[in-house]
Amino acid sequence: MWAGFDARSEPLEVELLHEWEEDDVVLRVIRFRVGVFKGETARIAAIYGYPKDRDGGRRLPGLVQIHGGGQYADYKACLFNAHRGYATISLAWAGRISSPHYRVAPSEVKLFWEDQRDDPSYKLTTDWGAVDGYHAPSRNPGNSFPSVRAADWTLDPVDSPRNSGWFLCALAARRALTFLEQQPEVDADRLGVYGHSMGGKLTVMTAVDSRVKAAAPSCGGISDRDNRSELFRATLGDDVSLKQISCPIIFLSPANDFHGRIGDLPDAVEEISADQWRVTCSPHHNHQDTPPYEVATLLWFDEYLKGRFKFPSTPRCELQCDTGDGTPELTVHPDPTHPAHPVNSIDVFFTQQGKPDERPEDRLQTMHRFWHHATAVESEGFWTAKLPLTNTDRPLWVYANVSYTLEEPVTGAGYYYGVYTTDKFNVSSLLIKVPASELQQAGAELTQRHSNLIESFEGEWEKSWFTYRPNDWARSTNKLNEPIWQAPSEAALSLDVRSSKANQLVIVLDDHIAVVDVPGGDQWHTLTLQPRDFRNYEGEPLSDWNDIRQLTLSPAEFLRPKNSKAGVAKPKRYGKVWSGPAPRFRNLRWTQDPSTL
């Protein structure tokens, strides 16, 4: 696929579209030449930034940041990386650009396609020329990135991996490495690449370039093994690129991500040629993360591009299924050589909802699998956790998270460019997968049985729930997707709540919402709900408790319509701003006779 390609051979022909300074950082919106395809020049737009003060002109490590499918090139990635001593180019491969004075939204991309130069909103942006590397939307409605088929807008007239938008965007990212090499403030021997979602896929494809000295894909680049085209799998499948990666690489892989599936992570690590690798896997999360996980990207580059950080080693784990009492046991050995980063906590997560060969059609189950939290007990420098099984006919997946304390807080721009600060970071073990037959052979027994008590809200209950806004009290859980907590026949859903002030509590079951008034005061109040109390966007009641996957407790939430074209129907907001301190909860449960409460 890359035969004959030389990322340095053609001139870049860099254009400056806009320039400004912010917080002692030089920021520029630029375009440069990707190549000449079918006789037309393709140019990609980007935001480039670096710190104005470089301590006597010292050269900086350079980063290529690659946005995801619906995202923009964003100046915040360049700005906050510059604060940490990096020069960064954020690629607008889809044409979208976010900066204070030069914004290109989808409507402006369309103006560019139509050459509406007289429109006051018209701006120069990415121009793929005769080919189509745009996405969400693509310029040609029939364009599909995971396709090698020939079309009017593809590079080759026959089936070819070069017909995929993946190839075009990865080619542009490798040209961005050339751009960084040519900047006087950049050290060409210290280049890294990172990206989220589709940007994670492109990070893995770009990291085959020998100039990349460190890579950090998030939510992508570890799956993509089930395309129906043999040609695609042999050239554009993630495993093809992974086998060519020799630079240090860290995978940011939330445990419930639909795009970078955690079940593929052990294979991905086995395939890479790199000696140095890590994984960080937040439990319950899908395609988003919180700061202790997002920060892994910056820390990885600090170690391998700046030499100013030392990542703890991957936790060593030993799983024993033949324990004598029928309950498997995981022993965790964190890195013993890191006094600079004290261990904050060690948590073990396991599930029996993994499939040996997950595919895109398993998306719903992948996103909502429930991970049980097992408390780890320390003894002489290692931690041990019991894993009570809910089923002996399904496989067991288990991994450990080790949370460390940073010497000083780190600030950065996250997956979706939200600015965060964290004083902790996480290193995960590699996922261990045990087939059901092995559990049975070892004498493992079912030790967790059906319970009407879904959550007591005692002890470490929050480890079984999750949020993407940890500073707010709203929480979600996939517990109702676990058979042992599914509703019995003719049940009601009950919850005890205490709130110092009168409020409205929003309870969400997948795409249905109930808004309940909660009296203020020191007393506990029991809320009891039937399926009909939950309504979807169209106002239709929930018919029963069957097939519920996710439950959320929140002060306010939005519902969006199903199967509606973007922009036609606006989201509806339920609930309002919470008054007073966060509520207290007790005994979320199924009750089969509500009149006895």
Side-chain angles (χ1 to χ4, degrees), residues 1-15 31-46 64 66-69 73 91-96 109-110 112-115 124-179 193 195 198-209 211-212 220-221 224 227-241 244:
M1 182 171 65
W2 293 110
F5 173 68
D6 181 356
R8 298 183 175 114
S9 64
E10 296 185 34
L12 287 170
E13 299 172 354
V14 178
E15 304 170 65
R31 290 202 311 178
F32 61 86
R33 175 169 142 176
V34 178
V36 179
F37 307 126
K38 302 172 77 169
E40 294 187 30
T41 301
R43 295 179 173 87
I44 191 166
V64 176
I66 312 175
H67 71 72
L91 297 180
W93 56 266
R96 296 182 292 271
V109 174
K110 185 177 180 181
F112 179 78
W113 291 347
E114 297 172 350
D115 199 28
L124 290 175
T125 187
T126 298
D127 182 358
W128 283 107
V131 295
D132 188 0
Y134 299 102
H135 179 76
S138 297
R139 186 169 187 176
N140 297 275
N143 189 9
S144 173
F145 266 48
S147 174
V148 297
R149 292 183 178 178
D152 292 341
W153 59 82
T154 61
L155 184 57
D156 294 323
V158 296
D159 287 0
S160 161
R162 305 194 314 168
N163 291 337
S164 168
W166 295 132
F167 173 78
L168 296 173
C169 295
L171 190 153
R174 295 183 68 174
R175 290 282 282 166
L177 294 170
T178 302
F179 170 86
V193 59
M198 289 175 73
K201 165 79 174 180
L202 293 169
T203 293
V204 165
M205 292 185 68
T206 305
V208 304
D209 194 306
R211 295 173 294 175
V212 175
D224 217 354
N227 192 286
R228 294 182 179 180
S229 165
E230 292 184 12
L231 179 58
F232 179 98
R233 294 196 305 272
T235 52
L236 293 160
D238 288 336
D239 58 318
V240 178
S241 294
Q244 301 176 55

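For reference, positions follow the sequence shown, starting with 1.
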Can you check side chain to side chain contact (heavy atoms under 4.5 Å, CB included) on Asp159 and Arg149, steps first, answer last? CA-CA 5 Å; Asp159 287 0; Arg149 292 183 178 178; 4.0 Å; yes
Apply the test side chain to side chain contact (heavy atoms under 4.5 Å, CB included) to residues Leu168 and Val131: give CA-CA distance (whole Å), side-chain angles for both, the deciding distance (0.1 Å), then the verdict. CA-CA 9 Å; Leu168 296 173; Val131 295; 3.9 Å; yes
What closest approach, in Å, do Gln244 and Val240 show between heavy atoms, and which atom pair accounts for it? NE2-O, 3.2 Å
Restricting to non-hydrogen atoms, name the atom on Gly195 and the atom on Thr203 that form the minimum distance, rounded to 0.1 Å. N-OG1, 3.0 Å
Which distance, rounded to the nearest 0.5 Å, do you find between the CG of Asn143 and the CG of Asp152? 11.5 Å
Going by the angle between their ring planes, with limits at 30° and 60°, are Trp2 and Phe167 parallel, tilted or perpendicular? tilted
All heavy atoms of Ala130 vs all of Lys38, minimum pair found to be CB-CB, 4.0 Å
Among side-chain atoms of Thr235 and Arg162, is any donor-acceptor pair under 3.5 angstrom? no
Rounded to the nearest 0.5 angstrom, the CG-SG distance for Leu202 and Cys169 is 5.5 Å
Please walk me through it: do Thr206 and Val64 pass side chain to side chain contact (heavy atoms under 4.5 Å, CB included)? CA-CA 10 Å; Thr206 305; Val64 176; 5.7 Å; no
CG of Leu124 to CZ of Arg43: how many Å apart, nearest 0.5 Å? 10.0 Å
Does the side chain of Met205 come within less than 4.5 Å of Leu236's, by heavy atoms? yes
What residues, two or more places apart in sequence or in another chain, satisfy salt bridge (charged side-chain N to carboxylate O under 4.0 Å, His left out) together with Asp132? none
So Phe145 and Trp166, would you call those rings parallel, tilted or perpendicular, with 30° and 60° as cut-offs? perpendicular
Nearest 0.5 Å please: distance from the CG atom of Leu91 over to the CD1 atom of Ile44. 4.5 Å
Between Arg211 (side chain) and Arg174 (backbone), is there a donor-acceptor pair under 3.5 Å? yes
Nearest 0.5 angstrom please: Leu12 CG to Arg31 CZ, how far? 13.5 Å
I'd like to check Phe32 versus Arg175 (side-chain heavy atoms, cut-off strictly below 4.5 Å). Are they in contact? yes
Glu230 CD: over 12 foreign heavy atoms closer than 6.0 Å: no
For Thr178 against Ala7, the heavy-atom pair lying closest together: OG1-O, 2.9 Å
Can you tell me if Thr154 uses its side chain to pair, donor with acceptor, with the backbone of Asp156 under 3.5 Å? yes
Is there a side chain to side chain contact (heavy atoms under 4.5 Å, CB included) between Lys201 and Ile66 once you walk through the steps? CA-CA 9 Å; Lys201 165 79 174 180; Ile66 312 175; over 6 Å; no
Restricting to non-hydrogen atoms, name the atom on Gly68 and the atom on Trp93 that form the minimum distance, rounded to 0.1 Å. O-CZ2, 3.7 Å
Taking the side chain as every heavy atom from C-beta outward, state whether Thr126 and Phe112 have any atom pair closer than 4.5 Å. no
Measuring from atom CH2 of Trp153 to atom CH2 of Trp128, what distance do you get when rounded to the nearest 0.5 angstrom? 15.5 Å
Ser147 and Asn163, any side-chain heavy atoms less than 4.5 Å apart: no
